[in-house]
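Worksheet: the structure to be examined is printed underneath.
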Amino acid sequence: MTSAYLIKVRGVVQGVGFRPFVYRLASELSANGWVLNGEEGVAIHVEGDGAILDDFVRRLKAEAPPASRIVSVEVEQAAPAGFDRFFIKESERNRRPTVRISPDLPVCDECVRELGDPANRRYRYPYINCTNCGPRYTVILALPYDRPNTTMKDWPFDDYCDREYHDPANRRFHAQPVACPVCGPHYYLRLNGEEFRGDDGVIRKTVELLRAGKIVAMKGLGGYHLACDARNANTVEAMRARKFRKEKPFAVMVERVEDAQGLAELTSEAAELLTSIARPIVLAPAKVELAGVAPDNRELGIMLPYTPLQHLLFAAGAPSILVMTSANRSSEPIAYDDEDAIGRLSGIADAFLIGERPIARRVDDSVARVGAFGPAILRRSRGYAPGAVANFPLRASSKKPILAVGPDLKNTVTLVVEGQAFVSQHIGDLDHYEAFRAFEETVVDLMSMYDIHWDDALVVHDAHPEYRSTVHALRLPAAEKLAVQHHRAHVASVLAERGEWETRVLGISFDGTGYGDDGSIWGGEIFEGSLTTGFTRVAHLRPAALPGGDAAAQYPVQAAAGFLAQIDGLPDLSDAPFFFPPRYQTALQLTYKNVRTFRTTSVGRLFDTAAALLGFIREITFEGQAAMWVENLARSAGETDGYPFPFADGQLDFRPLLQAVAEERTRGRAPELIARAFQRGIAQGAAHALREIAAQENTDIVVLSGGVFQNELLLEDLKDELRDEALRLWTNQAVPPNDGGISLGQAALAAFH
């Protein structure tokens, strides 16, 4: 007897070969009906006898394409319609979409093999792809995901690609970006005002340039990279000078995992992360020193090829280690539009390798590491964005869509639609005009992609009244707006990605900067509460003065003045071994006179103070540099006891900690040992505070978030300090612990406001 099911599959199920998979499965089981892309995901009507249908549902879940991510499968009885075949039905769009958009996928092994096969039509074709791989988010213009809604819409199929696209037995069956050398886009090279055409020829010419020490801007999935030979110290230095990127580490690309293992200490977990479908840049302890690539840094950022073009470059003899960094000037967003790239990068790149396929939106490389609590994302972008990272409960007080615009540093935007939280790609620091433009574009992009109207939405922003993101949010035409405090959002982001809506926790947010409830600059806070009840501040770092406010983050000695002003009996810091510059005395006078000075509880600035005492007395050249320097210094020392960092009356007192650092430096103790004792002291003091508060509040879960917790040594120390305790430690994994995770936390707290 013929029965029928209507099946709704939600998750990442468009653009990952799901409809072709369903078609082949139904054909194999001799089931009839149809499959289509809808607003919520994939809808299937399948007919056959009961045993066939049950087998269909079982295999649908068990054998789904590797790039798909099934969140739910809803099966309902339906009336048989008497279909005599199974077919792919035209996509429907009747109401607001909620389907999860697939992140971009790395080129698959089958396509790589075809790239190297002279008998294959796509031999050495840099835009090769199939249903298992290739661009997704960076080519989608609208939903549902069909070719007319992608940046491939202007390249109609030739007969060859058309046959493959419509052949259920072919892995390019309904692969939307599919193309070949006859009908698809190509690459060309711009060099000294000339253009060179022919994919194979321009790739070989590009390799010649790289081997000759030139810098090449090359178009990738989500934007341009600047590439050069990582072993050519002069070229690396030239790239730094041209990009105005003085010391921030560059990432490198190598062809194989074995090559990466020769450069860095890769655990099996790190190797797995490196080869994962997201293909992020993975940070790992360096085994070799590449001059100028990652100065004063023990870690190296490594990634593997993820586009056909990158594989072709290595196959054509490119240098075995390539610097592969975002094509921009320091702190600007990655260039992705061809004309903009040529204009902005003309003083940096010696040549441009330009692909004809447009990029729908800029998406930078993701950065991740394997640490004390497993894999952690430090920059969430290509390979991860715009995947949903949380399913908000239906009981959340706000049923309307939520747009959370994030903070000003490391900005991301989160959109919650029908309970699904979509976090955008990394946008950057909104102080920069181009980054702010990218932020505005991303807000509009997400709202239009999911067909959200402003009068339907709740807009959430940081509590800082002068953040550019806040000012922009307040100008948006949404009827309802809500401010969420920065550090509560950090804590909330961990709970949201874990789906822990009512769980009471202690949340510790160690950070650089954030606007506090009292108008001061917070950054060393401990909270108690849950997402549903909110978070109450129960402890914090002892307040210090911050002369110049946020500007002090640029100069460790300026930040140090406000902390050290509370400590008596310090030696002359302008003399050996400290040699503080005059800026310190100027800042100290501002502190004493309380002129242009703010209160702060920032642990980030506490690390800057320690860095200054240990010898980092110059201006930083990238955010967090001084704190990273302290961690790297501490890593080079053996184990040692921590300096005192007492907790009393709800405050962690930094004075004994810093006094010990200054005294030990005066006595001539090795700076790396002092740095290690400082770091351990932070962990011991925090652990003591957590034990005491946990006992008072009767909770055993501790959430760690905030930019300071990018410090892997601090996480290791905290884990060690609390290893024998009943406390459970939760950290960010789906979104960054830094400000890149703030927008998710904002949205989570807004859902229960």
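Just so it is clear, the structure is predicted and the values come from calculations on it, not from any experiment.
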Legend entry - Close aromatic pair by centroid cut-off 6.0 Å: Phe654 and Phe645: no

Legend entry - Contacts of type salt bridge (charged side-chain N to carboxylate O under 4.0 Å, His left out), residue Arg245, not counting sequence neighbours: none

Legend entry - Polar side-chain atom of Thr470 near backbone of Glu466 as donor-acceptor pair, under 3.5 Å: no

Legend entry - No-hydrogen, no-angle side-chain donor-acceptor test under 3.5 Å, Glu525 and Ser509: no

Legend entry - Polar contact flag, side-chain donor to acceptor under 3.5 angstrom, Asp364-Ser381: no

Inset, instruction - Go through the side-chain N and O atoms of Asp739 and His486 and say whether any donor and acceptor fall under 3.5 Å apart. - result: yes

Inset, instruction - Could you tell me whether the side chain of Arg379 and the main chain of Asp365 form a donor-acceptor pair under 3.5 Å? - result: yes

Legend entry - Residues Glu272 and Ser268: side-chain donor-acceptor under 3.5 angstrom: no

Inset, instruction - May I ask you to say whether Glu528 pairs ionically with Arg537, meaning some side-chain N is under 4.0 Å from a carboxylate O? - result: no

Legend entry - Side-chain donor-acceptor contact under 3.5 Å, Arg498 with Gln733: no

Legend entry - Polar contact flag, side-chain donor to acceptor under 3.5 angstrom, Asp641-Gln684: no

Legend entry - Basic-acidic side-chain contact under 4.0 Å: Asp720, Arg680: yes

Inset, instruction - Answer yes or no for Arg382 and Tyr384: cation-pi contact, defined as NZ/CZ to six-membered ring centre under 6.0 Å and angle to ring axis within 45°. - result: no

Legend entry - Parallel, tilted or perpendicular: ring planes of His487 versus His490, cut at 30 and 60 degrees: tilted

Inset, instruction - For this output row, return yes or no: ring centroids of Phe607 and Phe678 closer than 6.0 angstrom. - result: yes

